[in-house]
Amino acid sequence: MSSQEVEVLVVGAGQAGVAMSEHLSEHGISHLVLERHRIAERWRSERWDSLVANGPAWHDRFPGLEFSDLEPGAFASKEQVADYFVAYAEKIGAPIRCGVEVTSVHRNVGAAGFLVETSDGNFDARYVVAATGPFQHPVIPAVVPDAADLMQIHSSSYRNPGQLPEGAVLVVGAGSSGAQIAAEIQQSGRQVYLSVGPHDRPPRSYRGRDFCWWLGVLGKWDASTPALGAEHVTIAVSGADGGHTVDFRALAANGITLVGRTVAFDNGTMRFAEDLRTNISDGDAHYLELLDEADAYVERNGLDLPEEPDARTRLPDPESVTDPILELDLANAGVASIVWATGFAVDYSWLQVDAFDENGKPRQQRGVSSEPGVYFLGLPWQSRRGSSFIWGVWHDAKYIADQIAIQRGYLAHNEQAALVAIGAL
């Protein structure tokens with residue numbers, strides 16, 4: 001079967017694929033971006049209706065384009081974010097082909113490059129960039145059997161409270177998604193139980209500056225590795241309702257019942273770990289640590305930023321923390337549905353090359369994989385803390401484009417040397 005030839009094939013046209021296209025174009029490298037749905041599709045169809053970006057518009061964007069319809073301090077809706085990437089792709093003239101699914105990638109035998117099989121025919125690519133990002137396969141822990149008389153959905157399938165059956169709701173996971181979804185469901189008039197695990201809880205803003213700014217000036221976005229033991233600790237922050245600090249005590253004061261980590265289910269009873277107080281306390285410690293570092297930065301640099309003593313005031317511990325629920329009979333509590341805000345796993349089953357360890361995790365260094373010619377983009381902590389964020393992936397894409405340009409230089413030298421050897425030059 002004949003194949004279409006392309007020098008670099010980029011798989012995925014979300015924020016990673018669009019950023020990759022820009023930097024490849026700047027190097028003058030021929031490429032094609034394949035997207036199985038629409039540009040930035042996950043923002044449109046795999047997020048709840050009221051979702052907004054967790055960072056302000058001045059921060060959560062690429063350097064080359066501002067949000068045209070938002071104030072810098074506003075938080076873009078999911079549709080505005082998707083429209084932004086469409087506009088950016090048009091601005092840079094990205095060669096994106098939508099509606100094409102990549103089904104497999106194999107290294108060519110006896111020739112350079114890769115055979116890429118797609119729903120629109122085959123491609124012969126010298127380089128392949130997997131830009132499908134970290135949010136590929138929703139993870140629902142195997143705790144509650146499918147046969148249980150409960151509606152169970154992942155946060156990626158949740159849209160609004162109206163899709164849930166009548167009754168109380170258990171939300172499992174207290175990162176940004178879980179905290180925002182729990183608050184929305186509670187505000188709709190439902191009883192909500194929120195299962196809170198380990199988390200970092202930064203202030204939305206402090207002394208007149210957004211936490212994104214503080215993480216920047218304090219060098220935290222550029223941290224190359226997570227703190228020991230914090231590789232999978234989620235961040236609880238919200239851009240909803242104009243942006244606010246996630247405060248679990250405030251959620252409890254508004255009627256949400258907090259519980260610890262969800263650990264088991266038996267005959268209709270959910271069991272929770274005895275870690276709620278510890279998780280809340282550790283989140284507080286992270287919050288206060290950032291305030292301390294911010295205060296020190298202000299003093300060290302002589303900045304005129306207003307003091308904010310109220311930021312250190314906290315509500316009293318609710319009863320759900322002082323006398324935690326360790327077992328909950330879901331039927332007696334009226335719980336009819338569970339929303340699992342428990343994250344995602346990657347799915348590279350289509351990428352059939354030697355670029356993964358025994359656990360299926362990409363073997364890569366700053367996106368350069370162990371399989372020559374294959375690159376990854378959009379992974380958490382790919383080069384720094386900010387790698388999986390909108391602006392962070394743009395900088396990682398630049399590095400990968402530079403690496404591809406370097407490899408092209410070696411190949412060009414080899415081809416030139418071969419021509420000299422046969423007297424063609």
Side-chain angles (χ1 to χ4, degrees), residues 12-23 39-43 46-47 51-67 70 72-78 80-85 88 129-136 155-156 175-177 179-180 199-205 209-227 230-240 243 246 286 290 343-344 346 362 364 366-367 376-401:
Q15 59 199 43
V18 173
M20 193 73 243
S21 180
E22 177 176 13
H23 292 297
I39 295 173
E41 178 65 26
R42 284 195 169 96
W43 279 97
E46 297 183 23
R47 304 289 187 270
L51 174 71
V52 298
N54 284 326
W58 68 264
H59 185 266
D60 281 10
R61 64 177 180 87
F62 289 165
L65 183 68
E66 296 181 354
F67 281 88
L70 284 174
F75 299 87
S77 70
K78 68 188 188 76
Q80 287 173 314
V81 173
D83 289 344
Y84 174 86
F85 288 120
Y88 203 94
V129 180
T132 49
F135 308 121
Q136 299 169 29
S155 57
S156 61
S176 296
S177 296
Q180 292 178 52
H199 60 274
D200 284 348
R201 188 176 72 87
R204 173 72 270 174
S205 65
R209 297 292 184 269
D210 190 85
F211 99 97
C212 290
W213 187 85
W214 283 116
L215 264 58
V217 299
L218 294 173
K220 294 183 179 296
W221 286 124
D222 289 328
S224 59
T225 56
E231 294 87 349
H232 305 294
V233 173
T234 187
I235 296 178
V237 66
S238 177
V246 172
H286 172 264
L290 189 57
F344 297 80
V346 295
Q364 54 84 29
R366 294 192 66 181
F376 294 96
L377 184 58
L379 298 175
W381 293 95
Q382 180 163 309
S383 69
R384 58 176 65 86
R385 181 179 187 172
S387 285
S388 56
F389 293 80
I390 290 173
W391 61 271
V393 79
W394 187 90
H395 291 284
D396 283 349
K398 182 180 186 304
Y399 177 81
I400 292 174

Heavy-atom donor-acceptor pair, [X] side chain to [Y] backbone, under 3.5 Å:
{"X": "Arg366", "Y": "Tyr399", "result": "no"}
{"X": "Gln80", "Y": "Ala53", "result": "no"}
{"X": "Asp60", "Y": "Gly55", "result": "yes"}
{"X": "Ser176", "Y": "Val237", "result": "yes"}
{"X": "Arg201", "Y": "His286", "result": "no"}
{"X": "Ser387", "Y": "Arg384", "result": "yes"}

Do you know which two heavy atoms are closest between [X] and [Y], and how far apart they sit?
{"X": "Gln180", "Y": "Ala240", "answer": "OE1-CB, 4.1 Å"}
{"X": "Ala76", "Y": "Val81", "answer": "CB-CG2, 3.7 Å"}
{"X": "Pro380", "Y": "Pro134", "answer": "CD-CB, 3.5 Å"}
{"X": "Phe75", "Y": "Pro56", "answer": "CE2-N, 3.5 Å"}
{"X": "Ile235", "Y": "Pro202", "answer": "CG2-CD, 3.8 Å"}
{"X": "Thr234", "Y": "Gly175", "answer": "OG1-CA, 3.4 Å"}

Verify whether the ring centers belonging to Phe389 and Trp221 lie closer than 6.0 Å.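 That pair passes the under 6.0 Å test.
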Would you check if the distance from the ring center of Trp213 to the ring center of His59 is below 6.0 Å?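 Here the rings of His59 and Trp213 have centres that are no less than 6.0 Å from each other.
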Test item: side-chain donor near acceptor, Tyr88 and Gln15, under 3.5 Å: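 There is no such pair (donor and acceptor under 3.5 Å, judged by atom type) between the side chains of Tyr88 and Gln15.
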Hey, what do you get for [atom1] ([X]) to [atom2] ([Y]), rounding to the nearest 0.5 Å?
{"X": "Leu290", "Y": "Asp200", "atom1": "CG", "atom2": "CG", "result": "9.5 Å"}
{"X": "Asp83", "Y": "Ser77", "atom1": "CG", "atom2": "OG", "result": "7.5 Å"}
{"X": "Cys212", "Y": "Asn54", "atom1": "SG", "atom2": "CG", "result": "8.5 Å"}
{"X": "Glu22", "Y": "Lys398", "atom1": "CD", "atom2": "NZ", "result": "11.0 Å"}

Evaluate the side-chain proximity of [Y] to [X]: yes if any heavy-atom separation is below 4.5 Å, no if none is.
{"X": "Phe211", "Y": "Arg204", "answer": "yes"}
{"X": "His199", "Y": "Val246", "answer": "no"}
{"X": "Ile400", "Y": "Met20", "answer": "yes"}
{"X": "Arg209", "Y": "Val217", "answer": "no"}
{"X": "His23", "Y": "Trp394", "answer": "yes"}
{"X": "Phe62", "Y": "Val393", "answer": "yes"}
{"X": "Arg42", "Y": "Gln136", "answer": "yes"}

Take Thr132 and Val346 through the test side chain to side chain contact (heavy atoms under 4.5 Å, CB included) and record every step on the way to the result. CA-CA 9 Å; Thr132 49; Val346 295; over 6 Å; no
Could you please spell out the steps behind the side chain to side chain contact (heavy atoms under 4.5 Å, CB included) verdict for Ser156 and Phe344? CA-CA 9 Å; Ser156 61; Phe344 297 80; 3.8 Å; yes
Only counting residues at least two apart or in another chain, list the ones meeting side-chain hydrogen bond (donor to acceptor under 3.5 Å, both in side chains) with Ser238.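 side-chain hydrogen bond (donor to acceptor under 3.5 Å, both in side chains) check on Ser238 returns nothing, list empty.
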